[in-house]
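Shown next, in structure tokens, is the structure this report addresses.
A note on names: the letters A, B, ... follow the listed sequences, proteins ahead of strands, and every chain is numbered from 1.
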Amino acid sequence: MAVKLEINGISFSYGSRRALRDAILTIDGSEVVSLVGPNGSGKTTLLKCINRILKPKGGVVIVAGKDVSRIGLKEIARSVGYVPQSAAHSFPVSVFDTVLLGRRPYVSWGISPQDKEVVAEAIALMGLEEFALRQFNELSGGERQRVLIARALAQQPQVLLLDEPTSNLDIKHQLEVLQIVRMVATEREIAVVMAIHDLNMASRFSDTIVCLRRGEIYDIGSPADVITEETIRTVYEVEVAINGNSGRPHIVPLAPVAVAVN
Amino acid sequence: MIKQPVAICASSSSEAYSRFTARKILASLLILALLVVVALVATTIGGVDLGVGAVARSIVARIAPWSGLTVDPMADVIVGHLRLPRIVMGILAGGGLAIAGAAMQGALRNPLVCPFTIGVASGAALGASLAIIAGFGLIGMGRYVVMTNAFLFAMGTSLLILGVARLRGVTPESFLLVGIALMSFFGAATGLLQFVATEGELVAVVHWMFGSLTGSSWVNIATVAIVLLICIPIMIRYSWDLNAMACGGDEVSKSLGVNCGRVRTVSMLLASLIAASIITFTGLIAFVGLVAPHITRLLIGADHRFLLPASIAMGALLLVIADTIGRTIVSPVIIPVGIVISFVGAPFFFYLLMVRRREYWQ
């Protein structure tokens with residue numbers, strides 16, 4: 001499997017507060033990678049450094065063989081799709097128009113029948129045909145999330161970034177969205193990187209877990225390697241019990257660690 | 001779930017979308033057709049009853065002098081020098097302020113923005129007041145000082161807003177906060193000038209601030225038309241980027257390859273230039289720049305590819321209707337269009353907002 005994304009020594013600071021230090025990561029096509037870690041550990045920062053929504057200070061990001069600091073935003077947008085945490089309020093726009101924005105990196109003015117076909121296909125893949133001409137604002141949280149994923153797929157990306165794709169959804173829709181993500185990763189050989197809070201969902205749907213702590217990568221590996229009682233105690237300062245019946249670790253939170261030393 | 005009949009459904013939603021956009025184009029053309037009809041009818045309405053035939057002959061003779069039509073000289077003067085300039089200026093002013101408002105609302109993703117809520121108009125008002133009351137002018141002399149002052153202060157204000165916004169980061173919040181601060185400041189300065197003004201000066205300032213199409217000349221019209229011809233195509237070219245920014249915000253727009261800072265800066269600058277060049281000749285015509293884009297959005301949605309051109313027609317339509325009412329309702333007194341537009345536009349807007357129950361802003 002070809003390497004789709006290579007992150008080497010990326011750092012980032014918000015003013016004087018360092019949010020990310022020296023992150024190193026390599027991701028293949030069809031691989032689903034979850035970034036986990038407590039609030040402020042640098043998950044979202046790392047995600048946004050990949051497609052230069054944030055400009056990292058030092059380090060290299062290589063997407064499909066190209067250094068993203070050397071190509072324009074438009075060219076990055078042709079290989080990296082981004083799904084934000086949630087869509088902010090906005091003017092009335094149809095679902096089709098929203099997904100059509102995924103073609104922005106390819107069109108200058110007119111949209112070709114082929115652009116429309118790519119959009120229609122993404123809409124069909126996400127099961128959104130019946131909503132295609134409805135207003136985005138009228139949809140439920142799960143439907144909106146699917147629209148935003150469809151938009152990212154319309155970019156025909158090599159790498160798909162998702163920022164907390166399940167945080168506003170009920171359990172059924174969480175499962176649904178993550179199944180979709182898994183499916184597109186496999187079928188289109190896309191490298192998926194998602195920031196996610198729910199460790200059990202991460203464990204269930206990822207090939208690789210990247211655990212971040214205070215802006216540094218604390219551990220990388222398969223869910224079984226990374227999601228352990230010690231790691232979670234150190235990183236989250238929480239005592240957990242781990243069940244591994246289903247082949248993948250499943251945590252049951254017990255209590256916060258009383259006093260955090262260090 | 002989700003996967004089976006991809007191929008069939010794919011083309012069907014793409015076809016449905018083509019019909020969806022065709023309807024938008026049709027609706028835009030209908031607004032345009034309505035504008036043409038209203039403008040022509042408006043030329044036949046006025047203090048002197050000329051009749052459709054005389055007006056039509058006069059217009060045709062003006063557009064096509066080689067047609068050899070015989071025109072009644074009085075009709076020609078009334079149509080060519082009084083009514084047509086007024087109506088054509090109304091079309092340009094309404095259309096220009098509307099597209100300026102639409103672009104500003106999209107670029108700042110805020111439904112409350114227009115040239116008046118962002119300080120440009122207050123700048124113009126201060127410039128005009130300085131000329132009328134304090135006799136202070138930057139360029140020119142005589143009655144032109146009011147115009148040049150209004151224009152230069154309006155553009156100065158928008159450059160100031162852009163400058164400060166650049167220091168702070170070119171976010172919508174920067175523009176709004178700086179714009180509102182400047183608006184209050186200029187409002188206070190204008191208020192102070194009015195406080196010390198003589199009665200005669202006060203009347204002149206108040207009249208200027210009402211905004212009126214009286215005194216529109218073909219020279220003024222040509223000036224505004226040139227500005228519009230330069231600015232509007234550039235704005236419309238940014239439609240896709242404005243769509244991304246208005247619908248997704250800056251982070252998402254960047255992820256779609258849009259240079260938000262540049263699009264926002266250029267759109268704001270062009271919108272200010274349009275507004276300033278119109279206000280210079282007409283005085284403050286508020287409301288149309290705020291509401292025409294909203295009415296258009298309610299009718300055809302927020303896709304800027306259609307919204308921007310259709311807003312022009314809608315703004316022009318509203319302003320011509322308002323001005324025609326203003327100059328006929330208590331004729332021979334002409335109520336300034338700046339006043340009438342709010343009387344006409346507000347109830348219409350309110351009606352649309354109530355009737356269209358879709359979730360308009362959320």
Inset, instruction - Report yes if the side chains of B:Leu319 and B:Ile91 come closer than 4.5 Å at any heavy-atom pair, otherwise no. - result: no
Legend entry - B:Ile236 portion near chain A, given a 4.5 angstrom heavy-atom threshold: both
Legend entry - Distance, nearest 0.5 Å, that separates CG of A:Leu46 from CZ of A:Phe12: 11.5 Å
Legend entry - Which portion of A:Ile76 sits near chain B, non-hydrogen atoms under 4.5 angstrom: neither
Legend entry - Options A:Val93, A:Val118, A:Leu100, A:Val119, ranked by heavy-atom pairs under 4.5 Å with chain B, top entry: A:Leu100
Legend entry - Evaluation steps, side-chain hydrogen bond (donor to acceptor under 3.5 Å, both in side chains), between A:His197 and A:Asn39: CA-CA 9 Å; A:His197 265 301; A:Asn39 293 330; 3.1 Å; yes
Inset, instruction - For side-chain hydrogen bond (donor to acceptor under 3.5 Å, both in side chains), just list the numbers for A:Gln155 and A:Arg103, CA-CA rounded to whole Å, side-chain angles, deciding distance to a tenth of an Å, and then say yes or no. - result: CA-CA 6 Å; A:Gln155 291 174 253; A:Arg103 301 305 293 166; over 6 Å; no
Inset, instruction - Side chain from CB out, backbone as N, CA, C, O: work out which of these in A:Ile71 comes under 4.5 Å of a heavy atom of chain B, or both, or neither. - result: neither
Legend entry - Heavy-atom proximity to chain A below 4.5 Å, by part of B:Ser18: both
Legend entry - Contact class of B:Phe20 relative to chain A, heavy atoms under 4.5 angstrom: side chain
Legend entry - Check against salt bridge (Lys or Arg N to Asp or Glu O under 4.0 Å), B:Arg168 and B:Glu173: CA-CA 10 Å; B:Arg168 229 191 138 257; B:Glu173 297 75 33; 5.9 Å; no
Legend entry - B:Asp250 portion near chain A, given a 4.5 angstrom heavy-atom threshold: neither
Inset, instruction - Run through A:Met194, A:Gln85, A:Met201 and flag the one making a side chain to side chain contact (heavy atoms under 4.5 Å, CB included) with A:Pro165. - result: A:Met194
Inset, instruction - Could you check which of A:Arg78, A:Glu75, A:Arg151 has the highest count of heavy-atom pairs closer than 4.5 Å to chain B? - result: A:Arg151
Legend entry - Contact class of A:Arg52 relative to chain B, heavy atoms under 4.5 angstrom: backbone
Inset, instruction - Considering only NZ, NE, NH1 and NH2 on the basic side and carboxylate oxygens on the acidic side, decide whether B:Asp303 and B:Arg305 come within less than 4.0 Å. - result: yes
